[in-house]
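Right, one structure below, let's go through it.
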Amino acid sequence: MTVRPSPDDVELYRQMLRIRRFEEKVLSSFSSGIFYGTTHTYIGQEADAVGVLACREEGDIVVSNHRCHGHFLAYGGSMHALAAELMGRATGVTGGRGGSQHVQWEDFYANGILGGTIPLAVGMALAEKVQHSRRIVFAFMGDGTLGEGVVYESLNMASLWSVPILFVLENNRYAQTTPVQLHLAGEIADRFEAFSIPVAEADTVDVIEIHALANKSAASVRAGEGPRALVLHTYRYGPHSKGDDTRDPEEILRYKKRDPLPLQGDRLDPDLRQRVEKEVEAEVAEAFQRAQDDPLADPASLTSPLDIAP
Amino acid sequence: MTVRPSPDDVELYRQMLRIRRFEEKVLSSFSSGIFYGTTHTYIGQEADAVGVLACREEGDIVVSNHRCHGHFLAYGGSMHALAAELMGRATGVTGGRGGSQHVQWEDFYANGILGGTIPLAVGMALAEKVQHSRRIVFAFMGDGTLGEGVVYESLNMASLWSVPILFVLENNRYAQTTPVQLHLAGEIADRFEAFSIPVAEADTVDVIEIHALANKSAASVRAGEGPRALVLHTYRYGPHSKGDDTRDPEEILRYKKRDPLPLQGDRLDPDLRQRVEKEVEAEVAEAFQRAQDDPLADPASLTSPLDIAP
Amino acid sequence: MNVLQALNGSLHACMAESEQVYFLGEDILEPYGGAFKVAQGLSTTYPGRVITTPVSEAGIVGLGVGMALRGLKAVVEIMFGDFIALAADQIINHAAKLRWVSGEKVRVPLVIRTPMGGGRGYGPTHSQTLEKHFLGVPGLRVLAVTALDDPGGVLKSAILEDDDPVLFIEHKLLYAKPVISLVESSEFSLQRSGERYPVYHLTIAGSPPPMLTITAYGYMAELARQAVQRLAFEHEIFADLVIPTQLSPFSLDPLLESLAKTGRLLTLEEGSHTHGWGAEVLAHAVETHGPRLQAKRLAARDMPIPASGPLEKSVIPDVEGVIRAAREMIS
Amino acid sequence: MNVLQALNGSLHACMAESEQVYFLGEDILEPYGGAFKVAQGLSTTYPGRVITTPVSEAGIVGLGVGMALRGLKAVVEIMFGDFIALAADQIINHAAKLRWVSGEKVRVPLVIRTPMGGGRGYGPTHSQTLEKHFLGVPGLRVLAVTALDDPGGVLKSAILEDDDPVLFIEHKLLYAKPVISLVESSEFSLQRSGERYPVYHLTIAGSPPPMLTITAYGYMAELARQAVQRLAFEHEIFADLVIPTQLSPFSLDPLLESLAKTGRLLTLEEGSHTHGWGAEVLAHAVETHGPRLQAKRLAARDMPIPASGPLEKSVIPDVEGVIRAAREMIS
Ligand SMILES: Cc1ncc(C[n+]2csc(CCOP(=O)(O)OP(=O)(O)O)c2C)c(N)n1
Ligand SMILES: Cc1ncc(C[n+]2csc(CCOP(=O)(O)OP(=O)(O)O)c2C)c(N)n1
Ligand SMILES: [Mg+2]
Ligand SMILES: [Mg+2]
């Protein structure tokens, strides 16, 4: 894994577009039956993952959740391996074991139990701290995940022991179908500040703005100043998973007007932008095609989860 | 159960003294082997239970924890039944099933799992709200209990649904042997305010002050204004349970100088005070003697926890 | 009518019949009606008594316990059975203990409904069959619904007639299955025991004496039923099928009656093999039936449930496996 | 040396041997050293690697998983086994799954130590034997230490040599028991199997062929040992006693060897009876030993553990009960 150079406008756009096109392809292909299980797409939230993870340095750890495709691609994960995982292929990220929500590769960890990953993330940060590695942890979670008690147990310990972790709270205003005002009392930032964790907050889809904010927070974390939280107010354009979108179509349209993709795309030279778009489209097409040509996962590949009598 | 009249100085003193003498007797009798299990005494914290529960009206609910003797006595529970419970007698509050930490009587519920009672308390408050009973719930917990995640899940729902509950946080500065600064990041009041629950806070052992504060909070709760929290900074004089006290003896002495008992006792007419003290001593002696004379719980009294094939 | 409609109808009926019934869960409001749609229509018909909650499994079970303690009948939906572990303390140390510890002074009429099971490629944290870890909790009743007879009636009994806490297991693949009434089929006969939560006894109509006793619950009872039919018609192996509705407390007398005839026992479950439901069935059978018992368990392999179709299929038991095992036992 | 000293010594040895070992738990700092003192002396000797935590059972298990994922060997103490249900999701859906779900790319060398059991009047939430609910979790190893042989060595293996998550069960009443070495007794002979987590096989020295196979683990193995001695000397009933260290994954070959000789099986456990450990033992025995097995389980009654002494005693199995059951089986 290599460290990505300080991101330029093109790179930021390309990364967001990779996610966008990948997820669009996932959604549009679902009905064709090539996938197993379900999916939670990241369309609309691309600036979060890309802006934040552009601060990543070599060896940094990313902890993700059910909505992990965007985080994974921004982390540098293979688009082909992700497509193959969704299709249950032997070449998938976990060889077809984990599927869409359980992607583990290098220092990237995702899991489908909301909030359950947060103590793990704090434990990883503590491990890196005591081993003086200079690595930091980026832990993503959604607004709905603030319902889970173990998150607060984790915030308390992260703060008490001043571990190097940046909590990235993506408030897309919904937990599945439940609007944030029906599931969350008070202000999101207060949930972190109650544990003496400083918060930076933004209601924006501008990847450059998000990156700048994340950079500052990540720098504090890396400097050993303890945990930080980044509260990013955003929106998802797609349904929660594949089907059913119960949100007001007008609301969706309103948020679509502040789409992170054109916002950043418009900053590029039009020719360059077109080239990037072509390249990304080709990358996505190839990733899906290769994945579909790969063999299905073989039951013979399954191992026992533990040695019975070691 | 009768509603206690608006408390006068004597009554407040008497209630605190009942707890004090009861708990002293428990601690001093332990080595004689008359009890089963262990105990967590309330000595030093009496003004909390007595000051707060003096606001109780008929039918109000009290949810307590491992350190429940003081809450139970202030609630109006029988001293004899409590002594008998500790001694495993058939006449104990739960007939010897629950023991010291699991006292259930009328609308009083205690349990030994820290924090586990808090969602129950919120559920009870919600039930009372939807049934328009005007009853409110008093839920006691310690500083250490703020470590448990389910507490935050409960605060969130209590606030979202505006249920009639008063959280009483007794910060005795320790969770078992762990000083609060080693187990709790940030300020206690912020833990409630992060969920938009207004907090009243006091660092006092003056039962009158506590009662006044609790009265105000309880009145808001009863008026349907939603949950409130009362953060009471206090201190326990005895060990966490029976043995081992790892705290600095000087610190204990320092806090003993602001003992809630003499503070209130000095407000009474000396003769009256002496009479109350004699009465309470007699009450405690009689409760223990009666309990000791009662028969041990009989295994034949044990029922199956469920009908197997109803 | 399929099982989903039966359960949904039952919830409607319960809420109509008793104002004490409250329904809590994640994403249960209209027009969504819960991730598997079992709550469809409830929130519009009973707006004050259907409460959509934050993502707080322990908390909502605990709230349900508290509501149940104070005169309501609480029904809590846990979106996926895989999340029930988050509420384990609330179930084991609160819901199940309160009646007994209080010395029978309080009751906890709480129903926790949750869908278990795989077969849809949802992967390791959305496909499990975790009820085995909640069997044998003193004070907790565990029920598993099937497509047989009256699934809605079982739910209704649990909600309206049972004053003890119930963990009510549904299976994702059962929702779409049509309900099979007691009298409907000419191919088999189905008998029901008299308890509130019945044990069913299925035999092939007009068959010779049974050679084998199969027992299964929930969705696996469906597979077992198919296997019993194919065993009879394709292999001339005649099996009794015994299907409990109540898994815990353990109560399975009709099984012993059948075993007395067959002496051969095959259990089938979707939970992982070791320390599963079948273990208690076999143990109970060997203790009470006595010597000369031939017995075998079929269950999921002892590993997590993979997401990829071919992998998942290889981990979870299927009809072919039941037939194979039965044939081996008879030969 | 008693079991407490053995375990404490083992923790000291592990922390001395490997700088990767970190110890987390509630109230574990000096001079307290944990509620049962198993951590005594650790925090002063290894101040940077002994971390006292908030009261957050799920959180600290999760932190342990995270630390284990990143190159450390995490040991987490849960103060009372009764609180383990709070960490059930972390154990089942995270610790136990990560290695397998990652496709064998990560390992989770985590040990969760916790004391279970009654006998001290602590009441319904501080006296339970809850490990039965964690048996059969794919990917989780459950060990139970006894007073036999080398309890400290078992803990050391779990911490230093095992790269998979271990739930390590201690029993409150075991702490004060002296460790019994393999060669110490003239009254019985004790053999150890070759696995890392051994199965012990105890027989009365110089006795006739065994008539009965008893199996038990943890503190109950102590009671069983006493029963075996009294059965021999007072009743001329000779029993093999088989004591596993590893409860899950299930692995108990020496039991089958003994059963081949005796055909009679008696299991003993402190967890509540139904769906307990003994169920798997009986099921496994009937499946592999085949017909002609006489078997019975002894366990706690299916109810919570009461606080009052006489009540508690009537719920938990004792030596007399084992002797009675054995005599009934033989007669
Ligand atoms: C413990 C747990 N409870 C419930 C779910 C089901 N579920 C999956 S996503 C989701 C909503 C999550 O909302 P949020 O955290 O805001 O993330 P978003 O989906 O909006 O990205 C729910 C309830 C789950 N996966 N895990
Ligand atoms: C879930 C749970 N974890 C741990 C314990 C053990 N324990 C009993 S009391 C206590 C400290 C509680 O501290 P606090 O909440 O401040 O109450 P205090 O004892 O100070 O009144 C602990 C850790 C418990 N009873 N329940
Ligand atoms: Mg969201
Ligand atoms: Mg305290």
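Residue numbers start from 1 in every chain, and the chains themselves are labelled A, B, ... in the order their sequence lines are given, proteins ahead of strands. The basis for the numbers below is simple: all heavy atoms, side chains too, and nothing from hydrogens, waters or symmetry mates.
Heavy-atom distances place the backbone of A/Gln181, and not its side chain, under 4.5 Å from chain B.
Summarising the local packing, CD of B/Glu187 is surrounded by 12 or fewer heavy atoms from other residues, nucleotides or ligands at distances under 6.0 Å.
Between B/Asn156 atom CG and A/Tyr152 atom OH the span is 6.0 Å, to the nearest 0.5 Å. If you take CZ on B/Arg191 and CZ on A/Phe195, they are separated by 4.0 Å, rounding to the nearest 0.5 Å.
Between B/Leu160 and A/Leu182, the shortest heavy-atom contact is CD1-O, 3.6 Å.
Across A/Ala185, A/Gly115, A/Gly186, the residue that shares the most heavy-atom pairs under 4.5 angstrom with chain B is A/Ala185.
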